S.K.: 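Take a look at this one; I'll ask things after.
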Amino acid sequence: QVQLVESGGGLVHTGDSLRLTCTASGRTFSDYAMGWFRQAPGKERQFVSAITSKGTMRYYTDSVKGRFTITRDNAKNTMYLQMNSLKPEDTAVYYCAAAGTLRTARSGWYSNEQTYDYWGQGTRVTVSS
């Protein structure tokens, strides 16, 4: 089992920045690819960003490219999402998720919720205009 806890959400204004943190415990963190998803009010959960187990590859949905940066520190069992130039449409609950590396063999694995074995409880981000 892998336990994931997100933190760092809050209420900010348009153009502000936030850094989300996902802290993992349980199994070896560096064995897992990690992802961020978000769910806006009244909408389905959607992919935001992902990073491979060693941090060599990163993926982003188009709407956050150039504004968000995903990183991880395997020594600290932690993943981050630096969010800059926030917009009201970024308002959502943000979830981190972990995927065993065998699940990352398929093309497009990073944006598919079914790839991920473990999920956190989410942290809320609200961006006011």
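Nothing here was measured: the structure is a model prediction, and the numbers come from that model. Nothing fancy with the numbering, it's 1 onward along the sequence.
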S.K.: Can you name the closest pair of heavy atoms from G9 and T123 and give their distance?
M.R.: N-OG1, 3.1 Å
S.K.: Compare all side-chain heavy atoms of L18 with those of V125 and state whether any distance is below 4.5 angstrom.
M.R.: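 They are in side-chain contact.
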S.K.: Verify whether the ring centers belonging to Y116 and F37 lie closer than 6.0 Å.
M.R.: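 Distance test on ring centres: under 6.0 Å, yes.
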S.K.: Start with the C-alpha gap between F68 and N84, add the side-chain angles, then the distance that decides, and say whether side-chain contact (heavy atoms from CB on, under 4.5 Å) holds.
M.R.: CA-CA 6 Å; F68 290 12; N84 297 331; over 6 Å; no
S.K.: Is the terminal nitrogen or CZ of R19 (NZ for Lys, CZ for Arg) located under 6.0 angstrom from the six-membered ring centre of Y80 and within 45° of that ring's axis?
M.R.: yes
S.K.: Is the distance between the ring centroids of Y59 and W36 under 6.0 Å?
M.R.: no
S.K.: Does one hydrophobic cluster hold both W109 and I70, with members joined at side-chain heavy-atom distances below 4.5 Å?
M.R.: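 W109 and I70: separate clusters.
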S.K.: Would you confirm whether R103, through its side chain, and A33, through its main-chain N or O, come within 3.5 Å as a donor-acceptor pair?
M.R.: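 Not a single qualifying donor-acceptor pair exists.
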S.K.: Between S30 and S53, is there a side-chain heavy-atom distance shorter than 4.5 Å?
M.R.: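 Heavy-atom side-chain distance check fails, nothing below 4.5 Å.
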S.K.: Applying the 4.5 Å side-chain criterion to the ILVMFWY set and letting contacts propagate, would Y118 and V93 be lumped into a single cluster?
M.R.: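 Different hydrophobic clusters.
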S.K.: Should S17 and Q82 count as side-chain neighbours, where that means a heavy-atom distance under 4.5 Å?
M.R.: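 Result yes, sub-4.5 Å side-chain heavy-atom pair found.
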S.K.: Applying the 4.5 Å side-chain criterion to the ILVMFWY set and letting contacts propagate, would V127 and V48 be lumped into a single cluster?
M.R.: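 In one cluster with V127: V48, yes.
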S.K.: How many angstroms lie between atom OG1 of T23 and atom CG of N77, to the nearest 0.5 angstrom?
M.R.: 8.5 Å
S.K.: Whether D90 and K87 form a salt bridge (side-chain N of Lys/Arg under 4.0 Å from carboxylate O of Asp/Glu) is what I want to check.
M.R.: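 Salt bridge flag = no for D90 with K87.
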S.K.: Given T104 and T52, is the side-chain contact (heavy atoms from CB on, under 4.5 Å) satisfied, shown in steps?
M.R.: CA-CA 8 Å; T104 64; T52 50; over 6 Å; no
S.K.: Quick one: do Q46 and R38 satisfy side chain to side chain donor-acceptor pair (under 3.5 Å)? Show the steps, please.
M.R.: CA-CA 5 Å; Q46 64 173 190; R38 66 186 180 186; 3.0 Å; yes
S.K.: Can you tell me how far apart CD (E89) and OG1 (T14) are? Round to the nearest 0.5 Å.
M.R.: 8.0 Å
S.K.: Indicate if L20 and F29 have the same hydrophobic cluster label, given that clusters are the connected sets of ILVMFWY residues with side-chain heavy-atom separations under 4.5 angstrom.
M.R.: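 Same hydrophobic cluster.
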S.K.: From E6 CD over to R124 CZ, what is the distance, rounded to the nearest 0.5 angstrom?
M.R.: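 Between atom CD of E6 and atom CZ of R124 there are 12.5 Å.
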S.K.: Please work out whether the ring planes of F47 and Y110 are parallel, tilted or perpendicular, with thresholds of 30° and 60°.
M.R.: tilted
S.K.: With rounding to the nearest 0.5 angstrom, report the CE to OG distance, M34 to S49.
M.R.: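 It comes to 11.0 Å.
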S.K.: Is there a donor-acceptor pair closer than 3.5 Å between any side-chain N or O of T56 and the backbone N or O of K54?
M.R.: no
S.K.: Hey, quick one: are V2 and W119 part of the same hydrophobic cluster, counting side-chain heavy atoms closer than 4.5 Å, chains of contacts allowed?
M.R.: no
S.K.: Could you state the interatomic distance from OG (S85) to CZ (R67), rounded to the nearest 0.5 Å?
M.R.: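 Separation between the atoms: 7.0 Å.
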S.K.: Any cation-pi pair here, R45 with Y94, using under 6.0 Å and within 45°?
M.R.: no
S.K.: Between M79 and D73, does a side-chain contact (heavy atoms from CB on, under 4.5 Å) hold up when you go through it step by step?
M.R.: CA-CA 6 Å; M79 174 180 66; D73 185 339; over 6 Å; no
S.K.: To the nearest 0.5 Å, what is the distance between NE2 (H13) and CG (L86)?
M.R.: 12.0 Å
S.K.: T91 and P41: which non-hydrogen atoms are nearest, and at how many Å?
M.R.: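 Answer, listing the atom of T91 first, then P41: O-CD, 4.1 Å.
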